[in-house]
Amino acid sequence: MEKETKNFIEKIIEEDLRTGKYGGRVHTRFPPEPNGYLHIGHAKSICLNFGIAEKYGGLCNLRFDDTNPLKEEEEYVRSIIEDVRWLGFDWGDRLYYASDYFDRLYECAVELIKKGKAYVDDLSAEEIRRYRGTLTEPGRESPYRNRSVEENLELFERMRRGEFAEGEKVLRAKIDMASGNINMRDPVMYRIIKASHHRTGDKWCIYPTYDFTHPLSDSFEGITHSLCTLEFEDHRPLYDWFLDELELYHPQQIEFARLNLSYTVLSKRKLTRLVEEGHVSGWDDPRMPTIAGMRRRGYTPEAIREFCDRIGVAKANSIVDFELLEHCLREDLNKRAQRVMVVLDPVRLVITNYPEDKVEYLEAVNNPEDPMAGTRKVPFCRELYIEQDDFMEEPPRKFYRLAPGREVRLKHAYIIRCEDYEKDTETGRITTIYCTYDPESRSGATQQRKVKATLHWVSAGHAMDVEVRLYDRLFSVPNPDDKRQCPDFIDCINPESLKILKECKAEPSLKGASPGERFQFLRLGYFCVDPDSTEDNLVFNRTVTLKDTWAKMKEKFSQ
RNA sequence: UGGGGAGUCGUCUAAUGGCAGGACGGCAGACUCUGGAUCUGCUUGUAGGGGUUCGAAUCCUCUCUCCCCAGCCA
């Protein structure tokens, strides 16, 4: 049993539980804006919020932060619900929308006006910006700042009724134009947007901003711990201010560092650009770090959750090695994926002493890690395919596979010996390898000789042609966000992030595999059936390679 | 030259006054009908300078570096 270590948020919660701060309740929420697809960074937040609720016997709400009709779409709501559910979390009947609170929010705004804590400003966006001051100089008060409560009430009501044009007026909180914290320099609470909203339609033409909406939504829902990312640290005084001024139930905002992953980007803006400029095939392109992309690639929810567990939660910015993600993936897939044999880059191999028309059905273990997975029969005959990579005319030291005069085992079958080979004189490519087999060496036979290597293979007469898409990391540098390395991150896209292989040779048991099914292609990696598959053209996505010490050695030799 | 945060092995993260630990990566070995899996071992770290203390990653102090904020985005 590993010693449990608590992150700083859990420590705060346990302290609150101990002191009875929220009456022993723990209630969190995951509050996405429906303006894009969820990615692995969101998964961290989802696992944190739902995980903490579960750990402390509390609840976690799913709430759409939909206060900006210009950017939000139903399509994103749909995908977010699907993705959170796929990750394995349940919000019961607590699916909420900030737009559900528009009426109450409006009432709260009116109350602040009545208290003299909010005012309607006629300054233009540009003027407001200039009045705001800079990071080092204080701002100036708007000439409209001291309107009477009555006038503010009337103007705000007229804003709601649509009597003003977009940008003509805003409602602002009256706080402190000289504050060192720019968020406190009379932040905008309501702006006029004459667009129809995906849920409220044309009921409203004024929409509350995030800063005003978020604390109140948390409060309305009885959230205890409102977990968000570091960039909102500066907003916490404002979060507190609204709740205090309105004398509402007051949740506690706690900030943590968002996830960064090496060799990828996780900003919505950049992901959107990848999709819109066609650098990837869509939000669910298997190279995308989106949940939808990872799902299509063959990731499991379990692997993603394990990853989120292991990266921890802290307040320091960091970039997690993608190797940790791959480790979690392999660890999970190793336990569950059925093994099959597929030859990606085939070369013909003839067993000269094997009868011309004989076929044997050899028993193959489906998953050595899982005895319950059973066995299957794999056809074996005189003519087979093996990988081009598994044969070398002049093998270097440490190459254990097939070469002239060498012996290897064919997995689940016999030991063979290479007697001869043919090659295309023009391309230098090996066309046929001739071997003899040892009939006494069949798998499972009692007396076994040892050979250095075991190869996967497919019977030529029974093989099924399939398409395989080999995916690699989307970017060729560890940190595509680094402007010094990538002035434009698009230029750091890995040109070899996708390689499509047609006419790969698969063992016949794969026939009828359906989209989403995951397999280990023996010695190669984990693959999953892509939805692009048709009856006669199965398409596999490479989820992740197996760890490959030989590939690593080759790389070192070549350096 | 305002305000808010953060600095611990290559990476992520524990240890809050008492032996700097774990995971990933890397390296070496064992085992293996997957060069997979598994197992074993090894390596490397408290940003810097002062101070308090028997004892400091932890407390005090000065310095350095990095991140966030000037949307009517979230």
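Only this structure's heavy atoms are used, side chains among them; waters, hydrogens and symmetry mates stay out. To find a chain, count down the sequence lines: A is the first, B the second, and so on, and within it residues start at 1.
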Novice: Could you check B:G50 for me: syn (within 90° of 0) or anti?
Specialist: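 The base of B:G50 is oriented anti (glycosidic angle more than 90° from 0).
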Novice: Which part of the nucleic acid, if any, lies within reach of A:Lys268 when heavy atoms closer than 4.0 Å are counted: base, sugar-phosphate only, or nothing?
Specialist: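 Here A:Lys268 touches no strand at all.
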Novice: Is there a side-chain contact between A:Lys315 and the phosphate of B:G4, meaning an N or O under 4.0 Å from OP1 or OP2?
Specialist: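 It does not, given that no N or O in the side chain of A:Lys315 lies less than 4.0 Å from OP1 or OP2 of B:G4.
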Novice: Could you write out each protein N or O paired with an N or O of nucleotides 37-44 of chain B at a distance under 3.5 Å?
Specialist:
unit_1, atom_1, unit_2, atom_2, d
B:A37, O2', A:Asn334, ND2, 3.1
B:A37, O2', A:Glu369, OE1, 3.4
B:A37, O2', A:Glu369, OE2, 3.1

Novice: Cationic tip of A:Lys270 within the cone over A:Phe489's six-membered ring, i.e. under 6.0 Å and within 45° of the normal?
Specialist: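 Geometry flag: set, cation within 6.0 Å and 45°.
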Novice: Both A:Gly133 and A:Leu324 contact RNA chain B. Taking the nearest nucleotide for each, which residue is further toward the 5' end?
Specialist: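 Per heavy-atom nearest nucleotide, the more 5' residue is A:Leu324.
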Novice: Indicate whether OP1 or OP2 belonging to B:G36 is found under 4.0 Å from a side-chain N or O atom of A:Thr549.
Specialist: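 Yes, because at least one side-chain N or O of A:Thr549 sits under 4.0 Å from OP1 or OP2 of B:G36.
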Novice: So what does A:Ala314 hit on the nucleic acid, given a heavy-atom distance under 4.0 Å: a base, only sugar-phosphate, or nothing?
Specialist: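 Sugar-phosphate only.
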Novice: Now, which nucleotide makes the Watson-Crick or G-U wobble pair with B:U34, with each of the two distances under 3.5 Å?
Specialist: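 The base-pairing partner of B:U34, which may sit in any strand shown, does not exist here.
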Novice: Answer with base, sugar-phosphate or nothing: what part of the nucleic acid does A:Val313 contact at a heavy-atom distance below 4.0 Å?
Specialist: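 Result for A:Val313 = sugar-phosphate.
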Novice: Answer yes if the ring centres of A:Tyr97 and A:Phe64 are under 6.0 angstrom apart, and no otherwise.
Specialist: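 So the answer is yes for these two rings.
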Novice: For the P atoms, the ones on B:G3 and on B:C42, what distance do you get once it is rounded to whole angstrom?
Specialist: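 Their P atoms lie roughly 50 Å apart.
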Novice: For a quick check of understanding: with a heavy-atom distance under 4.0 Å over all strands, which category does A:Phe232 fall into, base, sugar-phosphate or nothing?
Specialist: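 Contact class for A:Phe232: base.
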Novice: Looking at B:G71, I'd like to know if its phosphate oxygens (OP1 or OP2) sit under 4.0 Å from a side-chain N or O belonging to A:Arg132.
Specialist: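 For B:G71, OP1 or OP2 has a side-chain N or O of A:Arg132 closer than 4.0 Å.
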Novice: Determine the contact category for A:Leu123: base if any of its heavy atoms lies under 4.0 Å from a base atom, sugar-phosphate if only primed atoms, P, OP1 or OP2 are that close, otherwise nothing.
Specialist: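 Base contact - A:Leu123 has a heavy atom under 4.0 Å of at least one base atom.
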Novice: Please determine, for the side chain of A:Lys411, which listed nucleotide (B:U34, B:G2, B:G35) has the closest atom?
Specialist: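 Nearest listed nucleotide: B:U34.
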Novice: Determine, answering yes or no, if A:Tyr210 is stacked on B:A74 under the 5.5 Å centre rule and the 30° plane rule.
Specialist: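 Whether judged by distance or by angle, A:Tyr210 falls short somewhere, so it does not stack on the base of B:A74.
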Novice: Less than 6.0 angstrom separating the ring centers of A:Tyr210 and A:Phe232, yes or no?
Specialist: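 Between A:Phe232 and A:Tyr210, which both carry aromatic rings, the centre distance is below 6.0 Å.
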Novice: When the P atoms of B:G21 and B:U46 are considered, how many whole Å apart are they?
Specialist: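 So the two P atoms sit 13 Å from each other.
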Novice: Checking contacts here: which listed nucleotide (B:C68, B:G10, B:C69) is nearest the side-chain heavy atoms of A:Asp321?
Specialist: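 Among the listed nucleotides, the one closest to the side chain of A:Asp321 is B:G10.
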Novice: Can you tell me if A:Thr67 touches the phosphate of B:A74, counting only side-chain N or O atoms and a distance under 4.0 Å to OP1 or OP2?
Specialist: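 It does, given that an N or O in the side chain of A:Thr67 lies less than 4.0 Å from OP1 or OP2 of B:A74.
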Novice: What does A:Glu255 touch in the nucleic acid at a heavy-atom separation under 4.0 angstrom: a base, only the sugar-phosphate, or nothing?
Specialist: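 Here A:Glu255 touches no strand at all.
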Novice: Which nucleotide in the set B:U34, B:A74, B:C69 lies at the smallest distance from any side-chain heavy atom of A:Thr209?
Specialist: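 Closest of the options to the side chain of A:Thr209: B:A74.
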Novice: Ring centroids only, cut at 6.0 angstrom: are A:Phe380 and A:Tyr414 within range, meaning strictly under it?
Specialist: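 Between A:Tyr414 and A:Phe380, which both carry aromatic rings, the centre distance is below 6.0 Å.
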Novice: Using a cut-off of less than 4.0 Å, is there contact between a side-chain N or O of A:Lys11 and OP1 or OP2 of B:A15?
Specialist: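 Answer yes for this pair, as a side-chain N or O of A:Lys11 is under 4.0 Å from OP1 or OP2.
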Novice: Output the single nucleotide from B:U34, B:A14, B:G35 whose closest atom is nearest the side chain of A:Met553.
Specialist: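 Per side-chain heavy atoms of A:Met553, the pick is B:G35.
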Novice: Does the structure show a Watson-Crick or G-U wobble partner for B:C12, both distances under 3.5 Å? Name it, or say none.
Specialist: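 B:C12 is paired with B:G22.
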Novice: Pairing check on B:A57: which nucleotide meets the Watson-Crick or G-U wobble criteria with it, both distances under 3.5 Å?
Specialist: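 Because no pair has both required distances under 3.5 Å, B:A57 counts as unpaired.
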Novice: Looking for any heavy atom pair under 4.0 Å, which part of the strands does A:His235 touch: base, sugar-phosphate only, or nothing?
Specialist: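 If one applies the 4.0 Å heavy-atom cut-off, A:His235 turns out to touch a base.
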Novice: If we call it a pair only when both distances are under 3.5 Å in a Watson-Crick or G-U wobble match, what pairs with B:A74?
Specialist: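 No nucleotide pairs with B:A74.
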Novice: Heavy atoms under 4.0 Å, any strand shown: does A:Arg129 hit a base, just sugar-phosphate, or nothing?
Specialist: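 Here A:Arg129 touches the backbone only, sparing every base.
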Novice: In terms of side-chain heavy atoms, does A:Asp345 have a donor or acceptor partner in A:Gln388 at a distance below 3.5 Å?
Specialist: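 Not at all, the side chains of A:Asp345 and A:Gln388 share no donor-acceptor pair under 3.5 Å.
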Novice: For A:Lys452 and B:G36, give me the distance from atom NZ to atom P, rounded to whole Å.
Specialist: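 My rounded result for the distance is 12 Å.
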Novice: Say you pick atom P in B:U61 and the same atom in B:G4; how far apart are they, in whole Å?
Specialist: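 Roughly 16 Å separates the two P atoms.
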Novice: Could you tell me how far apart A:Asn183 (CG) and B:C69 (C1') are, to the nearest whole angstrom?
Specialist: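 Roughly 6 Å, once rounded to whole Å.
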Novice: From B:C72, B:G35, B:C24, pick the nucleotide closest to the side chain of A:Ala125?
Specialist: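 Out of B:C72, B:G35, B:C24, the nucleotide with an atom closest to A:Ala125's side chain is B:C72.
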Novice: Which part of the nucleic acid, if any, lies within contact of A:Lys169, taking any heavy atom under 4.0 Å across all strands shown: a base, the sugar-phosphate backbone alone, or nothing?
Specialist: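 The residue A:Lys169 makes no contact with any strand.
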Novice: So, for A:Tyr207 and A:Phe102, is the gap between ring centers shorter than 6.0 Å?
Specialist: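 Ring centres of A:Phe102 and A:Tyr207 closer than 6.0 Å.
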Novice: Is A:Phe399 touching bases, backbone alone, or none of the nucleic acid, heavy atoms closer than 4.0 Å?
Specialist: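 Touches a base.
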Novice: If you look at every strand shown and take non-hydrogen atoms under 4.0 Å, does A:Lys450 touch a base, only sugar-phosphate, or nothing?
Specialist: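 Since only primed, P, OP1 and OP2 atoms lie under 4.0 Å of A:Lys450, the category is sugar-phosphate.
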Novice: Can you measure A:Phe527 atom CZ to B:G36 atom C1' for me and round it to whole angstrom units?
Specialist: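 Distance, rounded to whole Å: 13 Å.
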Novice: Tell me whether A:Arg160 at atom CZ has more than 12 heavy atoms from other residues, nucleotides or ligands lying less than 6.0 Å away.
Specialist: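 Enclosed.
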Novice: Is it the case that atom NZ in A:Lys194 sees more than 12 heavy atoms from other parts of the structure closer than 6.0 Å?
Specialist: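 For A:Lys194, atom NZ is crowded (more than 12 foreign heavy atoms under 6.0 Å).
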Novice: Does the side chain of A:Glu126 come under 3.5 Å of the side chain of A:Ser124 through a donor N or O and an acceptor N or O?
Specialist: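 Note: A:Glu126 and A:Ser124 side chains miss the donor-acceptor criterion.
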Novice: I'd like the C1' distance from B:U8 over to B:A23, given in whole Å.
Specialist: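 15 Å, rounded to whole Å.
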Novice: Which part of the nucleic acid, if any, lies within reach of A:Arg442 when heavy atoms closer than 4.0 Å are counted: base, sugar-phosphate only, or nothing?
Specialist: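 Counting heavy atoms under 4.0 Å across all strands, the contact made by A:Arg442 includes a base.
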Novice: For a quick test of reading the model: is some side-chain N or O of A:Arg236 closer than 4.0 Å to OP1 or OP2 of B:G4?
Specialist: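 So the side chain of A:Arg236 is outside the cut-off, no N or O lying under 4.0 Å from OP1 or OP2 of B:G4.
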Novice: Please report the distance separating the C1' of B:G49 from the corresponding atom of B:U65, rounded so that it comes out in whole Å.
Specialist: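 After rounding to an integer number of Å, I get 15 Å for this pair.
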Novice: Hunt down the Watson-Crick or G-U wobble partner of B:C66, both distances under 3.5 Å, from any strand shown, or write none.
Specialist: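 Looking at the geometry, B:C66 pairs with B:G5.
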Novice: A:Asp65 side chain: which of B:G35, B:A74, B:C72 is closest?
Specialist: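 Nearest to the side-chain atoms of A:Asp65, counting from C-beta on, is B:A74.
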Novice: Find the distance A:Gln253:CD to B:A74:P and express it as a whole number of Å.
Specialist: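 The distance from CD of A:Gln253 to P of B:A74 comes to 15 Å, rounded to the nearest Å.
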Novice: Just checking A:Ile128: base, sugar-phosphate only, or nothing, at a heavy-atom cut-off of under 4.0 Å?
Specialist: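 Base, at least one base heavy atom under 4.0 Å.
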Novice: Would you check if the side chain of A:Ser226 reaches a backbone N or O of A:Gln253 as a donor-acceptor pair within less than 3.5 Å?
Specialist: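 Between the backbone of A:Gln253 and the side chain of A:Ser226 there is no qualifying donor-acceptor contact (under 3.5 Å).
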Novice: Would A:Lys452 count as a cation-pi partner of A:Tyr400, with NZ or CZ less than 6.0 Å from the six-membered ring centre and within 45° of the ring normal?
Specialist: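 Yes; both conditions hold, so A:Lys452 lies above the ring face of A:Tyr400.
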Novice: Using the C1' atom as the reference point in each nucleotide, state the distance between B:G7 and B:C12 in Å, no decimals.
Specialist: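 Their C1' atoms lie roughly 14 Å apart.
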Novice: If you look at every strand shown and take non-hydrogen atoms under 4.0 Å, does A:Asn317 touch a base, only sugar-phosphate, or nothing?
Specialist: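 Sugar-phosphate: the residue A:Asn317, judged by heavy atoms under 4.0 Å, touches backbone atoms but no base.
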Novice: Centres of the A:His235 and A:Tyr239 rings: under 6.0 Å?
Specialist: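 Distance test on ring centres: not under 6.0 Å, no.
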Novice: Nearest nucleotide by nearest heavy atom, which residue falls closer to the 5' end of RNA chain B, A:Leu230 or A:Asp211?
Specialist: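 Taking each residue's closest nucleotide, the earlier one in sequence belongs to A:Leu230.
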Novice: Between B:C69 and B:U63, how far apart are the P atoms? Round to whole Å, please.
Specialist: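 After rounding to an integer number of Å, I get 26 Å for this pair.
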Novice: Counting only side-chain N and O atoms of A:Arg191, is one of them less than 4.0 Å from OP1 or OP2 of B:C73?
Specialist: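 Answer is yes, contact under 4.0 Å.
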Novice: So, under a plain 3.5 Å distance rule, would you say the side chain of A:Arg523 forms a donor-acceptor pair with the base of B:G35?
Specialist: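 By the distance-only test, no, there is no pair.
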Novice: Is any N or O donor-acceptor pair between the side chain of A:Asn181 and the base of B:G4 shorter than 3.5 Å?
Specialist: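 No pair found.
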Novice: Which one is paired to B:U44, where only Watson-Crick or G-U wobble pairs with both distances under 3.5 angstrom count?
Specialist: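 Result: none.
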